[in-house]
Amino acid sequence: MGLSKIAYISFDTVPAPKGAAIHIQAFVSALGVNFGDVQLVTVSPTTELQEFTSIHPQIKQTTLPALGDNLIQRVIYFRRLLRLWLEGKRFDVIHIRSIYEGFVIAVNKNQYCDQLIFEVNGLPSIELKYRYPRVSEDRELLHKLSSQEQICLSAADLIITPSKITATYLQQQKNIPAAKIKVIPNGVDLHIFTYRHPENKLEIPWEMLYFGTLSAWQGVNLAVEALGLINRDITANLTIIGQARELQIQAIKQLALKFGVAERLTILEPMSQSDLVTKIHAANVILSPLTPSDRNLVQGCCPLKILEGMATGVPVIASDLPVVRELGEDGVDFLLVKPNSAKAIKDAVFRLYHEPELAIKLASHARQRIITNYTWQQAGEALVNAYQELGIKRSITV
């Protein structure tokens with residue numbers, strides 16, 4: 001391969017069973033197909049630097065180790081290797097997803113690229129405290145995070161974000177011109193997240209499913225509390241599939257014990273998308289009890305789990321938040337419930353249980369909504385159009 005026009009650099013591990021990795025693979029594949037050779041740089045799952053081509057023939061992936069006992073040490077280690085990797089290279093476009101990899105490039109933009117694209121899915125100044133609670137007390141660290149975010153945002157020629165809520169936040173709180181921001185929602189691979197026609201299933205126990213990370217903003221504890229309320233009237237199970245630290249898992253198990261439903265709760269590690277779809281199709285309902293936190297209300301997001309659930313023929317119950325209302329209509333594509341309310345979740349579950357025709361209608365409409373608006377193919381086309389608007393020309397006929 002000759003020198004690529006595009007480098008897509010992300011402080012993430014790819015491939016991985018996380019939404020970020022799925023998003024990256026979809027976006028970088030669209031770039032490779034349309035623009036030719038693309039350099040993808042991600043975090044190595046080992047202590048070694050690796051180079052390979054596996055996602056697509058037009059994509060050369062380099063994985064750089066990120067070693068250390070904590071996030072800060074890992075970022076510093078990765079940045080040092082990234083500087084070495086960038087030596088002697090220059091690209092038409094560099095595409096970043098966070099300050100962790102992006103700050104090095106933003107402060108030396110003219111050295112490394114003609115144009116910089118910053119894809120904002122989340123900002124550490126808002127999100128980091130949910131993983132490391134003491135961050136909220138460290139004003140100096142928060143100031144450094146915000147400053148580095150602002151430098152990356154200011155240096156970027158284009159900012160891509162998956163949510164209108166995030167776009168509004170960037171305009172109002174980060175003073176980014178609206179013309180510099182493009183909203184490209186997440187998508188679903190319909191070949192993987194297949195549709196199973198919903199049925200009038202009244203057999204007991206009722207199977208409820210949550211999948212995704214177990215971060216505090218996801219509201220998984222509310223799903224467990226709702227499980228306790230539901231089991232007062234009907235027998236129901238809750239399966240949780242997602243990445244979590246051992247302390248998080250133990251806390252969820254303790255909560256289930258408190259509500260008397262420990263035997264009704266199953267917690268599984270992340271799995272392949274095909275295995276996940278099998279679990280989804282075995283469920284009666286998917287829960288997404290997002291909390292009304294600053295991460296969801298102020299910063300914004302585009303919940304991939306809701307989109308993927310909507311594609312499968314299983315009805316979705318989600319918190320009534322603006323980021324969810326962006327994706328569909330309450331009572332048509334899913335049921336929205338009062339945030340932070342286990343009782344509201346219980347009531348919605350019972351509604352679907354007693355109105356099986358509603359569950360069928362929701363699932364059918366949701367699938368059509370995904371087909372019309374939220375596929376990775378559509379997201380990829382929007383990304384390619386954004387690149388072309390910056391003057392990047394396609395080098396491959398598609």
Side-chain angles (χ1 to χ4, degrees), residues 196 198-244 246-271 276-292 303 305-306 309-310 312-321 324 330-331 334-363 366:
R196 193 205 64 173
E199 302 169 355
N200 290 327
K201 298 192 301 181
L202 293 177
E203 65 268 17
I204 295 296
W206 237 49
E207 301 293 340
M208 304 190 298
L209 178 67
Y210 169 88
F211 58 95
T213 66
L214 274 63
S215 303
W217 64 66
Q218 302 286 9
V220 181
N221 58 316
L222 293 165
V224 177
E225 185 178 350
L227 178 67
L229 296 175
I230 292 164
N231 270 277
R232 294 177 183 177
D233 296 295
I234 65 171
T235 303
N237 295 325
L238 172 63
T239 299
I240 295 173
I241 303 172
Q243 190 170 26
E246 187 58 33
L247 283 176
Q248 291 173 304
I249 293 172
Q250 290 305 316
I252 291 170
K253 288 182 177 179
Q254 286 296 319
L255 199 60
L257 200 62
K258 172 185 174 182
F259 292 117
V261 287
E263 75 283 359
R264 293 293 169 194
L265 174 68
T266 302
I267 302 177
L268 302 175
E269 293 183 352
M271 58 187 65
L276 173 60
V277 172
T278 299
K279 294 289 185 183
I280 292 174
H281 285 163
N284 296 92
V285 63
I286 295 166
L287 304 181
S288 183
L290 294 169
T291 64
K305 67 175 68 58
I306 293 179
M310 288 170 65
T312 60
V314 178
V316 174
I317 295 173
S319 297
D320 189 359
L321 300 177
V324 182
D330 181 26
F334 37 48
L335 290 184
L336 299 185
V337 300
K338 180 182 177 181
N340 270 350
S341 173
K343 180 183 180 299
I345 297 172
K346 178 210 73 172
D347 291 344
V349 168
F350 281 151
R351 185 180 175 192
L352 292 177
Y353 178 76
H354 292 297
E355 302 178 40
E357 69 283 353
L358 174 62
I360 292 173
K361 184 188 81 168
L362 292 175

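Of the listed residues (I240, N237, L287), just one forms a side chain to side chain contact (heavy atoms under 4.5 Å, CB included) with M208, and that residue is L287.
Listed by chain and number, the residues in a side-chain contact (heavy atoms from CB on, under 4.5 Å) with E269 amount to none (sequence neighbours excluded). In terms of the side-chain contact (heavy atoms from CB on, under 4.5 Å) criterion, residue partners of Q243 (sequence neighbours excluded) are, by chain and number, K18, P270. In this view, K343 and D347 satisfy the salt bridge (charged side-chain N to carboxylate O under 4.0 Å, His left out) rule, not counting sequence neighbours. Applying the side-chain contact (heavy atoms from CB on, under 4.5 Å) rule to L358 yields the partners L335, R351, L352, E355, K361, L362; only residues at least two apart in sequence or on another chain are considered. Remark: T239 engages L209, I241, T266, L268 in a side-chain contact (heavy atoms from CB on, under 4.5 Å) (not counting sequence neighbours).
Considering only heavy atoms from C-beta on, I345 comes within 4.5 Å of P289 through its side chain. Looking at I252 and N221, their side chains never come closer than 4.5 Å, going by heavy atoms from C-beta outward.
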| Please walk me through it: do Q250 and Q254 pass side chain to side chain donor-acceptor pair (under 3.5 Å)? | CA-CA 6 Å; Q250 290 305 316; Q254 286 296 319; 5.2 Å; no

| request: Take T312 and I286 through the test side chain to side chain contact (heavy atoms under 4.5 Å, CB included) and record every step on the way to the result. | output: CA-CA 10 Å; T312 60; I286 295 166; 4.1 Å; yes

| Check against side chain to side chain contact (heavy atoms under 4.5 Å, CB included), W206 and T235 | CA-CA 6 Å; W206 237 49; T235 303; over 6 Å; no

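Here CD of Q248 is found 6.5 Å from OG of S215. Values are rounded to the nearest 0.5 Å. Here the CG-CG distance, from L321 to L336, works out to 8.5 Å after rounding to the nearest 0.5 Å. Of the inter-residue distances, the one linking F259 atom CZ with L229 atom CG reads 7.5 Å to the nearest 0.5 angstrom. Atoms CG and CH2, from L290 and W217 in turn, are 10.5 Å apart once rounded to the nearest 0.5 Å. Between the CD atom of E207 and the CZ atom of R264 there is a distance of 8.5 Å, given to the nearest 0.5 Å.
The stretch residues 223-234 participates, sequence neighbours left out, in no salt bridge (Lys or Arg N to Asp or Glu O under 4.0 Å) pair at all.
The aromatic rings of F350 and H354 are tilted relative to each other, their planes meeting at an angle between 30° and 60°.
Under the 3.5 Å distance criterion, with hydrogens and angles disregarded, a donor-acceptor pair is assigned to the side chains of T213 and Q218.
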